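Quick one: the structure is below, and I'll ask about it shortly.
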2 protein chains.
Amino acid sequence: MENQYTIQKLSQKTGLSVHTLRYYERIGLLEGVPRDEHGYRLYRESDLLWVEFLMRLRGTGMPISEMKRFSDLRSEGDSTITERREMLEAHQAHIYEQMRVLRDHLRSIDDKIDHYKGMEKEQNQAVPPKVPSGK
Amino acid sequence: MENQYTIQKLSQKTGLSVHTLRYYERIGLLEGVPRDEHGYRLYRESDLLWVEFLMRLRGTGMPISEMKRFSDLRSEGDSTITERREMLEAHQAHIYEQMRVLRDHLRSIDDKIDHYKGMEKEQNQAVPPKVPSGK
DNA sequence: CCTTGCTTTAGAGCGCGCTCAAAGCTGTAG
DNA sequence: CTACAGCTTTGAGCGCGCTCTAAAGCAAGG
């Protein structure tokens with residue numbers, strides 16, 4: 001029941017390309033990925049979970065350099081837990097800020113859409129409909 | 001009362017660098033920026049408003065190529081209003097999707113923070129406090 | 001045995017969005 | 001008159017995050 005994944009399978013499962021998975025390992029985001037007798041990567045369940053967590057950091061805009069720092073702390077063991085928590089809390093604040101910006105700009109864009117709708121209406125009225133007023 | 005801005009002033013007002021303002025003009029995001037007798041740019045209020053709108057599109061993740069498309073449509077006049085509205089509505093959907101992703105990932109990150117807090121608590125208890133039970 | 005398709009590595013290449021540099025002109029202060 | 005700062009253009013450069021290539025090894029099917 002100990003699931004193992006080839007790089008291909010992990011790529012499918014995560015949506016990252018095999019190139020990106022190897023790249024992440026090369027720069028140290030993934031460490032100690034086990035190999036089979038031919039040197040092929042064999043990812044474990046724990047690797048899948050870690051990659052998924054990395055994707056959440058990336059997907060919320062954390063730069064790779066910061067992910068690397070986090071990853072390095074993780075390799076150092078439990079003594080770095082406080083620092084890791086602080087990193088995540090700082091990142092949390094960034095995410096809140098992103099959401100705020102999105103909300104604000106969304107409002108302006110909504111307004112612009114409404115503005116265009118108004119103009120479209122006017123354009124239609126400019127050529128008055130031929131519908132007879134009575135039956 | 002017709003405000004005009006040098007590139008420097010517009011840079012301050014918008015937060016974009018003067019390099020970026022010139023770059024935007026070069027690639028066609030800003031068109032017809034007026035010049036003084038020496039060829040210096042003199043932005044009008046309408047240019048400021050347009051730049052601010054561009055920044056909202058960028059700030060919500062629209063690629064430059066798409067902004068260019070939008071900008072070109074705008075130059076073509078009122079006949080492109082429907083297409084512009086449709087572009088904004090498509091972009092609106094992207095923004096909603098971004099917000100959804102942020103919310104989802106934020107939850108996971110919150111969980112991880114809580115998990116770390118739990119571990120930090122355990123670590124503190126591992127060395128039991130010397131506080132006497134009674135006064 | 002041979003082809004097809006996977007894997008490995010190291011290193012090069014790329015698209016995006018700026019960002020800077022070079023060379024020259026203008027305007028202002030001392 | 002001379003600095004110095006800011007403007008112009010064209011074109012090159014850069015940091016990020018992948019993405020791809022080359023050269024070689026391994027494995028399953030016909």
Side-chain angles (χ1 to χ4, degrees), chain A residues 4-44 47 50-72 91 94 98 101 105, chain B residues 4-44 47 50-72 91 94 98 101 105:
Chain A
Q4 293 189 133
Y5 310 102
T6 64
I7 196 165
Q8 204 64 230
K9 285 234 191 81
L10 193 68
S11 171
Q12 287 176 236
K13 277 220 164 240
T14 59
L16 291 180
S17 72
V18 295
H19 300 292
T20 301
L21 286 170
R22 286 194 276 251
Y23 166 68
Y24 277 7
E25 189 171 340
R26 206 169 0 157
I27 64 175
L29 289 182
L30 278 80
E31 285 173 73
V33 175
R35 309 300 175 106
D36 71 7
E37 70 263 37
H38 303 296
Y40 289 17
R41 288 170 180 81
L42 269 185
Y43 298 91
R44 297 149 303 183
D47 297 311
W50 175 238
V51 168
E52 286 173 342
F53 180 68
L54 289 175
M55 291 178 75
R56 285 186 207 105
L57 296 182
R58 274 298 300 140
T60 49
M62 183 183 283
I64 296 265
S65 56
E66 206 169 321
M67 289 164 61
K68 177 70 166 73
R69 169 82 184 133
F70 190 92
S71 186
D72 288 349
H91 186 55
H94 286 145
Q98 287 182 65
V101 168
H105 291 179
Chain B
Q4 293 189 133
Y5 310 102
T6 63
I7 196 165
Q8 206 63 230
K9 285 234 192 78
L10 193 68
S11 171
Q12 287 176 235
K13 277 220 165 243
T14 61
L16 291 180
S17 73
V18 295
H19 300 291
T20 301
L21 286 170
R22 286 194 276 249
Y23 166 68
Y24 278 8
E25 189 171 341
R26 213 184 337 173
I27 64 175
L29 288 183
L30 278 80
E31 284 172 74
V33 175
R35 309 302 174 106
D36 70 8
E37 69 263 37
H38 303 297
Y40 289 16
R41 289 170 180 80
L42 268 185
Y43 299 91
R44 295 152 304 183
D47 298 310
W50 174 239
V51 169
E52 286 174 341
F53 180 67
L54 289 175
M55 290 179 75
R56 284 187 207 103
L57 296 182
R58 276 298 298 140
T60 48
M62 184 183 283
I64 296 266
S65 56
E66 206 168 323
M67 290 164 61
K68 176 72 166 73
R69 170 84 184 131
F70 190 93
S71 186
D72 289 349
H91 185 56
H94 286 144
Q98 286 182 65
V101 167
H105 291 179

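On a predicted model such as this, the values are computed, not experimentally measured, just so you know. Labels below follow one simple rule: chain letters A, B, ... track the order of the sequence lines, proteins then strands, and each chain is numbered from 1.
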So, is B:Arg26 close to the C:dC18 phosphate, meaning a side-chain N or O under 4.0 Å from OP1 or OP2? no
Are any side-chain N or O atoms of A:Thr60 and backbone N or O atoms of A:Arg56, one a donor and one an acceptor, separated by less than 3.5 Å? yes
Residue B:Arg22, side-chain atoms from C-beta onward, closest of D:dC7, C:dT9, D:dA12: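 Among D:dC7, C:dT9, D:dA12, the one nearest the side chain of B:Arg22 is D:dC7.
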In whole Å, what is the span from the OH atom of A:Tyr5 to the P atom of C:dT7? 16 Å
Quick check on C:dC6: is either OP1 or OP2 less than 4.0 Å from any side-chain nitrogen or oxygen of A:Gln8? no
note: B:Leu54, atom CG; C:dC18, atom P; distance rounded to Å ~ 11 Å
First of B:His19 and B:Ile64 reached from the 5' end of DNA chain C, by closest nucleotide: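 By nearest-heavy-atom nucleotide position, the 5'-most residue is B:Ile64.
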At less than 4.0 Å, is any side-chain N or O atom of A:Arg41 found next to OP1 or OP2 of C:dT8? Yes or no.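 Answer yes for this pair, as a side-chain N or O of A:Arg41 is under 4.0 Å from OP1 or OP2.
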To the nearest Å, how far apart are A:Ile7 CD1 and D:dT19 C1'? 13 Å
5′-ward residue of the pair A:Tyr23/A:Glu37 relative to DNA chain D: A:Tyr23
Could you tell me how far apart A:Leu21 (CG) and D:dC20 (P) are, to the nearest whole angstrom?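 Rounded to whole Å, this separation is 14 Å.
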Could you state the CG-C1' distance from B:Asp36 to D:dG6, rounded to the nearest angstrom?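 One finds 12 Å between C1' of D:dG6 and CG of B:Asp36, rounded.
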Distance check needed: D:dG17 P versus A:Leu29 CG, whole Å only.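 One finds 10 Å between P of D:dG17 and CG of A:Leu29, rounded.
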Quick one: B:Met67 CE to C:dC16 C1', roughly how many Å, whole number? 13 Å
Quick one: label A:Arg35 by what it contacts on the DNA or RNA (base, sugar-phosphate, nothing), any heavy atom closer than 4.0 Å.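 Sugar-phosphate only.
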Main-chain N/O of A:Ile7 paired with A:Ser11 side-chain donor or acceptor, under 3.5 Å: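 Not at all, since once roles are kept as given, no pair shorter than 3.5 Å links the two residues.
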So which nucleotide from C:dC18, D:dG17, D:dC7 ends up closest to the side chain of B:Thr6? D:dC7
For the CD atom of A:Glu66 and the NE2 atom of A:His91, what is their distance to the nearest 0.5 Å? 7.5 Å
So, under a plain 3.5 Å distance rule, would you say the side chain of B:Tyr24 forms a donor-acceptor pair with the base of C:dG17?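 No such pair is found, so the answer is no.
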In whole angstroms, the gap separating P of D:dT8 from CD of B:Glu25 amounts to 8 Å
From CG (B:Leu21) to CG (B:Leu10), nearest 0.5 Å: 5.0 Å
Could B:Asp47 and B:Arg44 be called an ion pair, given the rule that one side-chain N must be under 4.0 Å from one carboxylate O? yes
From C:dT19, D:dC26, D:dT8, pick the nucleotide closest to the side chain of A:Tyr40? D:dC26
